[in-house]
Trainee: 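My questions will all concern the structure given below.
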Amino acid sequence: MKEFGLTQWVIISILSLLTALEPLSIDLYLPGFILISESFSTPISSVQISLSAFLLGFALGQLFWGPLADRFGRKKPILASLAIFIVASIACIYAHSIEQFWVFRFIQAIGGCGGVVISRAVVTDYFESSKTLKIFSLLALIMGVAPIIAPTIGNTVINAFSWEGAFFAMLFLGVLLFFLTLFFLPETHRNSYPKTEKNVFKGYFEILKIRKFLIYSILGGIANGALMIYVGNGPFLIMEKGGFSNNMFSLIFGTNALGLMIASSITPTLQRQIPTEKLVKYALTFMFGASIILLGAMLANTHIHIILAILFLYVFPIGILLPTTTELAITPFIENSGTASALYGSIQLSVAFICSMVSNYMSNGTLIMVGTAFVLCSTIGFALIFTRINLPEKSKIMENPM
């Protein structure tokens, strides 16, 4: 990406770190699930609820931060969200019960999602439309790199400081991002936003009327939901059923994240050869086929190494789906990109939350139910993408009043 200057790279770097806050906040503490369950004297399934609570907070919080970003600019809301994230990270460390832990994780997500949702708006503010897919692919690439690094860091700090060490790492990251944003991220939003509550809800309603936006937001949620099913069941699948150690868990988890990273990195190249809409269809078809094979392998009681290899193929197309669905849903909106980004993120995380909760409900301690959850998720996405999408012209979308 030689076309980006030094200032643009600084902005991209900050946006990448803000985007990484979500996967890092999820993956850093995964190796500590067993320790957390022992600390609170609760089953590991109760610890998994903290992941669902985090996803729910991320989904709801974005509806709050998006309109604020359109009204007050991008920088101040990011700083406010990071402040909440920092305080909630401290609270998680000193939680006295699993129920308190759920609440603090929910609040932590409310804070952490601000930087993520506003980062997408900054991309549409600051960069030319011809470069947005490259930036979104880079941000998705970071989301692939973060899970590679996070379990290793998490495992190291958990071994040294128990599970609380993972949240000290999140605290450090939140403080670092606060000062990077304060001193190096410029204000990119230049448009005024009518300051009435009515306009917020009207803005959401106008955006939801764009059928293409809704469909690609749901598809982005299904892709993220498939990823969260894998993340939530990763410790169970790899350590409990696979019999691998914490260190091997980090390695296996990192390998799958590497697949996400490779898929995200090749997306701009593929997009030059294949229309983005078709690329989404191909990726969903690939994921659907991999899920069927994965479930078949689990039903046949295939060796765990083969199951993990197929799982890699299932996770791989998610790295293509995340940036492409984001671009297709958000880039038509310019004046209200913050609100569009918030609504996109909220729909995406809400769908992911539902997928995660359904997977938890279905869980019965067998690999087959995990495989069934993968198949259900990919089947819905596969069916939805072949629904006919009727889209108004881009110029008409721009004219939707806020």
Side-chain angles (χ1 to χ4, degrees), residues 15 17-30 32-33 36 46-69 77-95 97-121 139 142-143 146-147 150 154 163-164 166-178 181 217 220-221 224-225 227-229 231-232 322 338 341-357 359-360:
L15 297 181
L17 286 172
L18 288 169
T19 300
L21 203 56
E22 178 194 355
L24 287 175
S25 296
I26 291 172
D27 299 328
L28 275 171
Y29 87 129
L30 291 180
F33 265 32
I36 295 173
S46 294
V47 182
Q48 288 177 329
I49 293 175
S50 68
L51 176 59
S52 297
F54 188 86
L55 293 176
L56 180 62
F58 241 83
L60 298 178
Q62 294 189 57
L63 294 174
F64 172 74
W65 294 112
L68 283 183
I78 291 177
L79 292 173
S81 70
L82 288 171
I84 295 173
F85 179 85
I86 291 168
V87 173
S89 297
I90 297 172
C92 286
I93 295 170
Y94 295 102
S97 67
I98 190 64
E99 291 80 12
Q100 285 185 2
F101 189 65
W102 296 342
V103 172
F104 295 147
R105 282 289 282 171
F106 177 82
I107 297 172
Q108 188 187 39
I110 294 288
C113 71
V116 176
V117 63
I118 299 172
S119 292
R120 293 192 293 259
L139 297 184
I142 296 300
M143 292 188 73
W163 64 266
E164 292 91 344
F167 289 89
F168 275 113
M170 295 179 206
L171 173 61
F172 173 79
L173 179 61
V175 172
L176 175 65
L177 281 170
F178 184 91
T181 300
S217 296
N224 203 17
L227 186 61
M228 289 303 103
I229 292 173
V231 168
L322 291 176
S341 177
L343 190 57
Y344 168 82
S346 182
I347 293 172
Q348 184 199 52
L349 266 297
S350 295
V351 174
F353 168 75
I354 293 170
C355 292
S356 175
M357 289 300 293
S359 175
N360 288 341

Trainee: Between Ile36 and Phe101, is the side-chain contact (heavy atoms from CB on, under 4.5 Å) condition met? List the steps.
Mentor: CA-CA 10 Å; Ile36 295 173; Phe101 189 65; 4.2 Å; yes
Trainee: Taking atom CZ of Phe85 and atom CG of Leu171, what is their separation to the nearest 0.5 Å?
Mentor: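 Here the rounded value is 8.5 Å.
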Trainee: Could you check Cys113, Ser50, Ser89 and say which one makes a side chain to side chain contact (heavy atoms under 4.5 Å, CB included) with Gln108?
Mentor: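 Testing each of Cys113, Ser50, Ser89 against Gln108, the sole residue satisfying side chain to side chain contact (heavy atoms under 4.5 Å, CB included) is Ser89.
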Trainee: Over all heavy atoms of both residues, which pair between Ala352 and Met228 is shortest? Give the atoms and the distance, please.
Mentor: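 Heavy-atom minimum between the residues: CB-CG, 4.3 Å.
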Trainee: Hey, are the side chains of Phe168 and Ile93 touching, using non-hydrogen atoms and a 4.5 Å cut-off?
Mentor: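 Phe168 reaches Ile93 side chain to side chain.
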Trainee: List for me each residue that meets ring pair (Phe, Tyr, Trp, His ring centres under 6.0 Å) alongside Phe33, sequence neighbours excluded, and say none if there are none.
Mentor: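 Phe33 satisfies ring pair (Phe, Tyr, Trp, His ring centres under 6.0 Å) with Tyr29 only.
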Trainee: Are Phe58 and Phe54 near enough that their ring centres are under 6.0 Å apart?
Mentor: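 Yes; Phe54 has its ring centre under 6.0 Å from that of Phe58.
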Trainee: Using side chain to side chain donor-acceptor pair (under 3.5 Å) as the criterion, list what pairs up with Ser359, not counting sequence neighbours.
Mentor: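 For Ser359 the side chain to side chain donor-acceptor pair (under 3.5 Å) partners, ignoring immediate neighbours, are Asn233.
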Trainee: What's the shortest heavy-atom distance between Val116 and Leu18, and which atoms?
Mentor: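 Heavy atoms only, the tightest pair is CG2-O, 3.3 Å.
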Trainee: At what distance, to the nearest 0.5 angstrom, does CG of Leu56 lie from CG of Leu51?
Mentor: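 Nearest 0.5 Å value for the CG-CG distance: 11.5 Å.
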Trainee: Could you check whether any side-chain heavy atom of Leu21 comes within less than 4.5 Å of a side-chain heavy atom of Leu82, counting everything from C-beta outward?
Mentor: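 A side-chain contact under 4.5 Å exists here.
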Trainee: Let me confirm one number: the CD-OG distance from Glu99 to Ser46, rounded to the nearest 0.5 Å.
Mentor: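 If I round to the nearest 0.5 Å, the distance is 8.0 Å.
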Trainee: Would you call the rings of Trp163 and Phe167 parallel, tilted or perpendicular if under 30° counts as parallel and over 60° as perpendicular?
Mentor: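 Trp163 vs Phe167 ring planes: perpendicular.
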Trainee: Closest heavy-atom contact between Asn224 and Leu322?
Mentor: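 Closest approach of Asn224 to Leu322, heavy atoms only: N-CD2, 4.2 Å.
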Trainee: Looking at CH2 of Trp102 and OG of Ser97, how far apart are the two atoms once the value is rounded to the nearest 0.5 Å?
Mentor: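 Interatomic distance, Trp102 CH2 to Ser97 OG, rounded to 0.5 Å: 8.5 Å.
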Trainee: Evaluate the side-chain proximity of Tyr94 to Gln100: yes if any heavy-atom separation is below 4.5 Å, no if none is.
Mentor: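 They are not in side-chain contact.
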Trainee: With rounding to the nearest 0.5 Å, note down the distance linking CD1 in Ile49 to CD1 in Ile98.
Mentor: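 With rounding to 0.5 Å, CD1 (Ile49) is 8.0 Å from CD1 (Ile98).
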Trainee: Which heavy atom in Val117 sits nearest to a heavy atom in Trp65, and how many Å separate them?
Mentor: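 In this case the closest contact between Val117 and Trp65 is CG1-CB, 3.9 Å.
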Trainee: Output all residues satisfying side chain to side chain donor-acceptor pair (under 3.5 Å) with Ser217, sequence neighbours left out; order by chain, then residue number.
Mentor: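 Partners of Ser217 by the side chain to side chain donor-acceptor pair (under 3.5 Å) criterion come out as none, since no residue qualifies.
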Trainee: Gly221 and Val351: which non-hydrogen atoms are nearest, and at how many Å?
Mentor: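 So the minimum-distance heavy-atom pair works out to C-CG1, 3.6 Å.
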Trainee: Which pair of non-hydrogen atoms, one from Ile107 and one from Ile84, has the smallest distance, and what is that distance?
Mentor: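 In this case the closest contact between Ile107 and Ile84 is O-CG2, 3.8 Å.
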Trainee: Once you round to the nearest 0.5 Å, how far does CD1 of Ile86 lie from CG of Leu173?
Mentor: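 One gets 9.5 Å once the value is rounded to the nearest 0.5 Å.
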